[in-house]
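Hydrogens, waters and symmetry mates play no part in the numbers below; they use all other heavy atoms, side chains included. Chain letters run A, B, ... following the sequence lines, proteins first, then strands; residues in each count from 1. Here the structure is a predicted model, which means the values were calculated and not measured.
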Amino acid sequence: MIVFSKIIANAIKTNRQAYLVERHLSKFMILKRSFYEQEVITVATALLGKILVHESVDGTTAGRIVETEAYLGPEDEAAHSSGGRRTTRNEVMYGLKGHAYVYFIYGLYYCLNVTAGDVPGKPEAVLLRAIEPVAGEDIMAKRRQLAEGKNANLTNGPSKLCMAMGISKRQNKAAITTPPIYINDAPAPEEAIVETTRIGVDYAGEWKNRNWRFYLKENLFVSKK
DNA sequence: TGCACGATTCTCT
DNA sequence: GAGAATCGTGCAA
């Protein structure tokens with residue numbers, strides 16, 4: 001853990017927040033389950049600036065979370081758990097908080113959610129939509145079949161970040177409070193947080209208008225649209 | 001059992 | 001900006 005924190009610090013030396021990260025290095029801890037047991041919108045905003053890490057057989061990749069979306073429980077018509085729908089696919093949403101909900105979409109891609117919320121058993125989650133790479137960019141580029149180098153196209157979308165981080169169905173239901181996949185605490189972001197509507201939920205009636213998408217203002221790795 | 005579709009991305013124009 | 005890619009999942013019959 002401590003060793004890897006140093007790797008992160010070195011990797012983001014060029015980042016304008018690097019000095020803050022280094023100063024807070026000693027405080028770097030994997031976020032515990034209690035973090036995810038807060039109100040889901042609180043978790044969605046609090047995750048901004050935190051470091052998603054995946055220690056895989058290919059090597060370790062890590063990225064600073066810069067964009068999230070909150071999906072509330074049965075009342076939220078945009079959520080997979082809308083109307084209390086409980087299926088094989090979304091079963092993990094009904095379990096413990098702080099677990100990965102990875103689903104397959106469009107026959108090609110995966111998306112990573114983290115279960116969260118302050119009501120046990122209520123199926124809520126936070127979709128991770130974009131990260132800013134801080135370690136293992138070469139591995140990410142190889143997985144994304146892109147030229148090496150820090151490139152926004154590496155991770156500026158929910159399925160792009162899954163490809164870059166090596167996240168697939170295998171990580172579904174995994175606890176993200178312990179290696180190999182976890183989220184490290186980090187200093188609160190300096191950037192302003194933008195609140196806007198969620199993407200790709202036009203089917204959700206009035207719920208599509210909720211400002212439950214959050215991202216760091218002017219961050220280059222925020223997904224387009 | 002069969003069908004419609006999706007919390008997306010990529011390529012082509 | 002438009003359309004294609006591609007298949008697991010959910011739901012109706």
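- In terms of modelled atom types and a separation under 3.5 Å, the side chain of R129(A) and the main chain of V222(A) share no donor-acceptor contact.
- What separates CE of M93(A) from P of dA7(B) is a distance of 12 Å, to the nearest Å.
- Note: Q38(A) CD to D118(A) CG = 9.0 Å, rounded to the nearest 0.5 Å.
- Residues of residues 138-148 of chain A that place a heavy atom closer than 4.0 Å to DNA chain B, in numerical order, are R144(A).
- At a cut-off of 3.5 Å, with distance as the only test, a side-chain donor of K160(A) or N153(A) sits close to an acceptor on the other residue.
- The distance between atom CG of L128(A) and atom P of dA7(B), rounded to the nearest whole Å, is 16 Å.
- A heavy atom lying under 4.0 Å from DNA chain C marks the following residues of residues 152-177 of chain A, by number: K169(A).
- Expressed to the nearest 0.5 Å, how far CG of L96(A) lies from NE2 of H99(A) amounts to 4.5 Å.
- In this structure, E195(A) does not pair ionically with R210(A), as no charged nitrogen and carboxylate oxygen lie closer than 4.0 Å.
- With E124(A) contributing its side chain and T115(A) its backbone, the two residues share no donor-acceptor pair below 3.5 Å.
- The nearest whole Å value for the distance from the CG atom in N209(A) to the C1' atom in dA7(B) is 16 Å.
- Side-chain contact annotation: Y71(A) with E69(A), donor-acceptor N/O pair under 3.5 Å present.
- Side-chain N or O atoms of R143(A) include one that pairs as donor or acceptor with a backbone N or O of A164(A) at under 3.5 Å.
- Here the C1' atom of nucleotide dC5(B) and the NE2 atom of H80(A) are 11 Å apart, to the nearest Å.
- Applying the side-chain contact (heavy atoms from CB on, under 4.5 Å) rule to S34(A) yields the partners K32(A), E37(A); only residues at least two apart in sequence or on another chain are considered.
- Pairs of Watson-Crick or G-U wobble type, with distances under 3.5 Å, assemble into runs of 3 or more in DNA chain B at these ranges: B:1-6 with C:7-12, B:8-12 with C:1-5.
- In this structure, T196(A) contributes its side chain and R213(A) its backbone to no donor-acceptor pair below 3.5 Å.
- Between H80(A) and Y103(A), the ring center distance clears the sub-6.0 Å criterion.
- R89(A) comes within contact range of the sugar-phosphate backbone alone, with a heavy-atom separation under 4.0 Å but no base atom that close.
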Check: residues 166-178 of chain A side-chain donor-acceptor pairs under 3.5 Å, at least two apart:
{"unit_1": "S168(A)", "atom_1": "OG", "unit_2": "R170(A)", "atom_2": "N", "d": "3.4"}
{"unit_1": "Q171(A)", "atom_1": "OE1", "unit_2": "S168(A)", "atom_2": "N", "d": "2.8"}
{"unit_1": "N172(A)", "atom_1": "OD1", "unit_2": "V102(A)", "atom_2": "N", "d": "2.9"}

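- As a whole-Å value, the separation of Y203(A) OH from dC11(C) P is 13 Å.
- In this structure, H54(A) has its ring center at least 6.0 angstrom away from the ring center of Y182(A).
- Residues of residues 99-110 of chain A that place a heavy atom closer than 4.0 Å to DNA chain C, in numerical order, are F104(A), Y106(A), G107(A), L108(A).
- Remark: P of dA7(B) and CZ of R210(A) are 18 Å apart, rounded to the nearest angstrom.
- An OP1 or OP2 oxygen of dC11(C) is reached within less than 4.0 angstrom by a side-chain nitrogen or oxygen of R85(A).
- How far CG of D76(A) is from OG of S81(A): 7.0 Å, rounded to the nearest 0.5 Å.
- Spacing between atom CG of L127(A) and atom P of dG6(B) amounts to 16 Å, rounded to whole angstrom units.
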